[in-house]
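Lettering follows sequence order; numbering is per chain, from 1. The figures that follow rest on heavy atoms only: side chains count, while hydrogens, waters and symmetry mates do not.
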Amino acid sequence: MSLLAVVFYAAAAVAVISTVLVITRSSPIHALLYLIVSLLAVAVMFFTLGAPLAAALEVIIYAGAIVVLFVFVVMMFNLQGERTKRSAWTSVRTWAGPGILSAVLLAEVVLVLAAGGSHALGPRPVPPAEVGLSLFSTYVLGVELAAMLLLAAVVGAFHLGSRKRASHHRLFEEPTP
Amino acid sequence: MSAVPYEAVLVVAGILFVLGLAGLVARRNLLFVLVSLEIMINATGLAFIAAGSRWGRPDGQVVFLFILAMAAAEVSVGLALLLQIKRHFKTLDSDAAGTMKG
């Protein structure tokens, strides 16, 4: 079994373990920490599968932007409700599990990069230039549609997130049962 | 794909998808429902990347980019709805928003 295969299976194990921990945690912040580890593990799997652009975007957009949105929302809930217990969030038990799993992933990446050679389990790694060429030639209509979808999402999120209106939908006009 | 068979990657993607589905069905907290949706979307992206890697084509990564844009749009609108539900019902329990007007 080659080094890349070992790294792939280890990253898959980390992804499955951390995903199980995500859906079984009771605290949202603990679940989000394990979600970040799960996304990083999937990014390592992308890298070993020969998709470096997808791996980078997984880290930047999923773990970097989408999870931060979740953290912001959790922070807003805590500001509205009960006071946060700072000591409980920064204790060792909170970050030990995600830290160990992240250290495993870091060791895998260092191992693969130190070994050199081709970073792909498939026939060949697909470089970002080919992805860009394909994206803006064959799939250019999809790019336009994705841009419209994102614009609609921004407008919708702005509309739903504004505090001024009393109600944004007729579902919310009824008194609570 | 010499060392890792294509089917193994699909099995991993399937396991992640089913875990997300289990979280979606089992959890009542709407924040965890959205997180489970993210896990499921991520698992489908893994399947696309595996297919693109299997034949050495860029199409899998292109579809992953579209999935990424869709997930970003979904989570922004979903979290805005979550804030509205929390503001109105004072809870994140999905059973609290279980009735429709019509």
Side-chain angles (χ1 to χ4, degrees), chain A residues 1-2 4-5 8-9 12 15-16 19-20 22-23 28 31-32 35 38-39 42 45-46 49-51 53-54 57 61-62 65-66 69-70 73-74 76-77 80 120-124 126 130-131 133-135 139 142 146 149-150 152-154 156-157 160-161 168-172 174 176-177, chain B residues 1-4 8-9 12 15-16 19-20 22-23 26-27 29 31-32 34-36 38-39 42 45-46 49-50 52-62 64-66 68-77 79-90 92 96-97 99-101:
Chain A
M1 194 183 280
S2 68
L4 271 180
F8 175 83
Y9 284 121
V16 171
T19 306
V20 169
V22 168
I23 63 173
L32 288 174
L35 179 66
S38 170
L39 297 173
V42 173
M45 289 161 72
F46 287 171
L49 286 170
L53 179 67
L57 287 176
I61 296 183
Y62 258 113
I66 292 180
L69 268 181
F70 276 104
V73 168
V74 172
M76 289 177 74
F77 289 161
Q80 289 170 356
L121 285 165
R124 66 194 182 91
V126 179
E130 279 186 37
V131 180
L133 281 175
S134 176
L135 188 67
Y139 295 98
L149 174 71
L150 285 172
V154 167
L160 288 171
H168 294 78
H169 192 274
R170 63 174 189 274
L171 170 68
F172 297 134
E174 274 189 327
T176 50
Chain B
M1 194 163 298
S2 55
V4 174
V9 190
V12 173
I15 289 172
L16 289 179
L19 282 175
R27 300 303 295 257
N29 190 328
L31 189 79
F32 281 91
L34 277 179
V35 167
S36 303
E38 288 302 310
I39 294 170
N42 202 33
L46 176 61
I49 293 287
S53 163
R54 166 70 179 76
W55 285 278
R57 300 278 303 161
D59 304 66
Q61 294 188 56
V62 170
F64 176 74
L65 290 182
F66 293 149
L68 209 61
M70 190 271 294
E74 175 257 334
V75 81
S76 60
V77 175
L79 286 174
L81 276 172
L82 204 70
L83 287 176
Q84 284 297 315
I85 288 174
K86 174 78 172 180
R87 205 174 292 159
H88 187 262
F89 293 106
K90 303 287 185 294
L92 280 179
T99 55
M100 296 179 79
K101 189 175 184 182

**Asked** How about A:Phe70 and B:Glu38: do any of their side-chain heavy atoms sit closer than 4.5 Å?
**Response** yes

**B:Phe66 side chain near A:Leu135 side chain, heavy-atom distance below 4.5 Å** = yes

Proximal component of [X], with respect to chain B [non-hydrogen, under 4.5 Å]:
X	result
A:Val42	side chain
A:Leu32	side chain
A:Leu53	both

**Non-neighbouring partners of A:Ser134 that pass side-chain contact (heavy atoms from CB on, under 4.5 Å), sequence neighbours left out** = A:Thr138, A:Tyr139, B:Pro58, B:Val62

**Prompt:** Does A:Leu69 have any side-chain contact (heavy atoms from CB on, under 4.5 Å) partners at least two apart in sequence or in another chain, and if so, which?
**Reply:** B:Val75, B:Leu79

**Request:** Sort B:Ile39 into side chain, backbone, both or neither according to what part of it lies under 4.5 angstrom from a heavy atom of chain A.
**Result:** side chain

**Prompt:** Relative to chain A, which segment of B:Ala26 carries a heavy atom at a distance below 4.5 Å: side chain, backbone, both, or neither?
**Reply:** neither

**Message:** Counting heavy-atom pairs closer than 4.5 Å to chain A, which one of B:Leu19, B:Leu34, B:Ile15, B:Val12 comes out on top?
**Reply:** B:Leu19

**Message:** I'd like to know if the side chain of B:Ser36 reaches the main chain of B:Phe32, judged simply by a donor and an acceptor atom lying under 3.5 Å from each other, with no hydrogens or angles considered.
**Reply:** yes

